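Below is one structure, written out as structure tokens, with a few remarks after it.
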Amino acid sequence: MAKADRVAFLIDVDNTLLDNDRVKQHLESILRGQGGDAVERRFWELYEQVREDLGAVSVPVTLERLRLESDNPRATDRLGLRLYATPFSQFVYPGALEFLRWLRGVGVPVILSDGDPWFQAKKITDAGLGVAVGGNVLIFLHKENHVEDIRRWYPADRYVAVDDKADVLGLLRQGFGDVLTTLWIQQGHYARTRSSSEGTQPDFSVATVPDLRKVIDRIL
Ligand SMILES: [Mg+2]
């Protein structure tokens with residue numbers, strides 16, 4: 001990569017910048033503590049149903065379905081408020097905010113997240129990640145289907161994608177072609193799931209956020 005190239009960094013959120021496995025544990029403890037075992041069990045059943053229906057998970061849609069079938073909808077509303085009040089900044093990985101600020105000095109960092117637009121946006125804002133990238137935030141249900149949009153909104157000579165899912169990196173590589181370098185950060189429960197498509201294995205693998213900087217320094 002030549003020094004003069006404009007580089008855009010496409011950085012995932014869940015289990016890349018923020019420990020989403022721990023966020024999920026936090027949600028579980030609220031559901032159990034405030035709703036009880038039956039409500040918690042039903043919430044996760046509906047959560048999986050939503051994943052099947054929409055092709056992506058959504059806390060707000062899950063809560064809406066839980067509320068519809070509840071005989072005490074106001075209790076569901078109170079539960080929702082507790083879930084939305086999750087202190088997301090406590091789950092940011094060490095060094096993540098510094099890493100994003102450093103990226104602003106070498107290129108354009110863009111948060112490229114998937115998930116439902118409301119809960120995910122709240123997570124990114126409350127965690128301080130949106131501010132750290134100067135407001136460059138894109139959220140799609142499936143980011144790999146939006147390569148043209150990403151290139152139009154953030155034109156660059158080279159792109160670098162960072163994600164905890166090797167499969168997503170493989171799909172992004174198929175969409176972007178050789179202008180994209182892929183960095184697999186092996187954190188969270190996808191840390192050992194290799195890309196299922198041959199020939200699209202990530203270019204680099206790292207264990208933690210501070211390691212990303214070392215690799216990017218080398219390839220710039
Ligand atoms: Mg992720």
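Since this is a predicted model, take the numbers as computed values, not measurements. Whatever order the structure lists ligands and atoms in, that order sets their numbers, starting from 1. Below, each value reflects all heavy atoms present in this structure, side chains not excepted, and no hydrogens, waters or symmetry copies.
Closest N/O/S atom of D14 to the Mg ion (ligand 1): O. Of all N/O/S atoms in D164, OD1 sits nearest the Mg ion (ligand 1). Restricting D12 to its N, O or S atoms, the one at the least distance from the Mg ion (ligand 1) is OD2.
Crowding of R74 atom CZ: a count of heavy atoms from other residues, nucleotides or ligands under 6.0 Å not exceeding 12.
D163 lies apart from the Mg ion (ligand 1) in this respect, since none of its N, O or S atoms is found at a distance under 2.8 Å.
Aromatic pair W102/F9: centroids not less than 6.0 angstrom apart.
A donor-acceptor pair under 3.5 Å is absent between the side-chain atoms of H146 and the main chain of I139, judged by distance alone.
Linking Ile, Leu, Val, Met, Phe, Trp and Tyr residues whenever their side-chain heavy atoms come within less than 4.5 Å places I111 and L183 in a single cluster.
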